[in-house]
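Below, read A as the first sequence line, B as the second, and so on, with proteins coming before strands; counting in each chain starts at 1. Values in this document were obtained by computation on a predicted structure and should not be read as measured data. Side chains are part of it too, since the values below use all heavy atoms of this structure and drop only hydrogens, waters and symmetry mates.
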Protein chains: 2
Amino acid sequence: MTQGSAASVPAGRSMRADARRNRDRILAAAETAVAEHGAEASLEEIARHAGVGSATLHRHFPSRQALLEAVFHDRVEILCAKARDLAASPDPGSALVTWLRAVGAHAASNRGLAASLMRGARDGDSTLGTTCHTMIIDSGGELLTRARQAHAVRPDVAIADLLKLVNAISLAAEQETAGAAETDRLLTLALDGVRPQGVPVTGPARTRGGGSRNT
Amino acid sequence: MTQGSAASVPAGRSMRADARRNRDRILAAAETAVAEHGAEASLEEIARHAGVGSATLHRHFPSRQALLEAVFHDRVEILCAKARDLAASPDPGSALVTWLRAVGAHAASNRGLAASLMRGARDGDSTLGTTCHTMIIDSGGELLTRARQAHAVRPDVAIADLLKLVNAISLAAEQETAGAAETDRLLTLALDGVRPQGVPVTGPARTRGGGSRNT
DNA sequence: TTGCAAAACGGGGTGGTCCTCCATATCGTA
DNA sequence: TACGATATGGAGGACCACCCCGTTTTGCAA
């Protein structure tokens, strides 16, 4: 079911039993390795730990990116589902923020996720399937559109901007020894700049006057 | 003395002529290589291109980080000098923002700078000299303190937060094929959250509201 | 100028990475 | 059961960071 995940290989239903078994083993090993060493984990070691040859790993996942996407596919789907839920929220502004923070939280607790989400169809290797990047972009785009219609965000902000922001922060926090709490703090900080005129997300509409006037 | 840059090696006054010559060559080659391939440039190739053996490179710069710091040392100093200038500004709030954007601009136009600034004394290898990280933190801290005294920034924001934000964005923009303009746009967006009028997303209870008497 | 010890050098080795070929083993089916 | 398609993994090539150690260069002092 869910394992239609295959983001890299013919990988359809017609997969030999042993192939699927190895694929799952690789994925499990990769999950562990990535959690421990981040997105730069050694592929060789993943293969070793999965008990398969390196060639097998490469056949299943032609690129590191493909492997990462498979590893994170389920998590990304959870985020997309969450976006769908939130799209029905009566408060599109805070729905968007809630979702972005959820993305940040996931990225913070899954080393490498941020990096994976960042790299989109960049290298043109995406033709094989929907990448994490586009999945997330699509899901978030919906939320942003609604938030914009509700005038809860600046009109000049794109979903790509927001996700880049979220991922950038997660990535940065990942490199340092910062906890999830700090990541969220930074994120909150950054997201405050997204509202138009400083309309508080959670509270009554407060106008942020001249804005720069103070400084 | 500017070239006291040596962030990695005894590197003092008593340096043999050939050693200094090689050091400079390596630095020049590294500058080119990093500009072209980013912070992950091959050290071997840098040594080759500099016309020295790889051992020599490693003697002068025991780690990649040490090399990067030496490469960016001058640029970081420029930023620190700018911070000193801006510290005298009558408008501490915009001085801080101006400086942060300058940091962002530098990071955007120097591949690897952001990553270099990010990694602080992290690995404990810093005992050899003042790292880019701490130099920048110190310089920016001054600006932030003044801005805070002028109530131009939230009191709960640390300079490390702000720099992390700036660097995160630069890093993200660096990975994608984004131009400097986009980087600045994202940065401006994020920095808007720093001004005190904004109500924190998470803390509705927080009554800093008094500050915005306007409108 | 010459001699010499200390300093710097760099070739080559070690052990690691990613990735590819192709002879072999395994699977699913007729 | 037999066979062809499919999947496998070890060996090997190209690259990398980093280190050991015999050799060369330098600067100073006689």
Gap between atom CD1 of A:I169 and atom CG of A:L187 - 0.5 Å precision: 5.0 Å
Nearest-angstrom distance from the residue atom CZ of A:F61 to C1' of C:dC19: 16 Å
Contact under 4.0 Å: A:H58 side-chain N or O vs D:dT8 OP1/OP2: no
Spacing between B:L68 atom CG and D:dA17 atom P, to the nearest angstrom: 12 Å
Side-chain N or O of A:H60 closer than 4.0 Å to phosphate OP1/OP2 of D:dA7: no
Separation of C:dG16 C1' from A:L43 CG (nearest whole Å): 13 Å
Heavy-atom closest pair, residues B:F61 and B:A70: CE2-CB, 3.6 Å
Those residues of residues 45-56 of chain B lying under 4.0 Å from DNA chain C by at least one heavy atom: B:G51, B:V52, B:G53, B:S54, B:A55, B:T56
Backbone of A:H60 reached by a side-chain donor or acceptor of A:R23 within 3.5 Å: no
Side-chain heavy atoms of B:R21 within contact of B:D18, under 4.5 Å: yes
Between C1' of C:dT17 and CG of A:L57, the distance in whole Å: 13 Å
Spatial distance of atom CD1 (B:I137) from atom SG (B:C132) [nearest 0.5 Å]: 12.0 Å
d(NE2, B:H37; P, D:dA17) in whole Å: 12 Å
Over all atoms of both residues, closest heavy-atom pair of B:A152 and B:G93: CB-CA, 3.4 Å
Distance in angstrom units between B:E44 CD and D:dA14 C1', rounded: 13 Å
Ionic contact status for B:E44 with B:R48, cut-off 4.0 Å: no
Spacing between B:R25 atom CZ and C:dA8 atom P, to the nearest angstrom: 16 Å
Any A:N22 side-chain nitrogen or oxygen under 4.0 Å from OP1 or OP2 of D:dA7: no
Phosphate-side-chain proximity, B:R64 and D:dA17, N/O vs OP1/OP2 below 4.0 Å: yes
Euclidean distance, atom CZ of residue A:R20 to atom P of C:dC27 [Å, nearest integer]: 15 Å
B:E31 with B:R75: basic N within carboxylate O range, under 4.0 Å: yes
Sequence-aligned protein contact record of nucleotides 25-30 of chain D, with B where the base is within under 4.0 Å of a protein heavy atom and S where only the sugar-phosphate is: BBS---
C:dG16 phosphate, OP1 or OP2, under 4.0 Å from A:S42 side-chain N/O: no
Nearest atoms (heavy-atom pairs only) where A:F72 meets A:R111: CZ-O, 3.4 Å
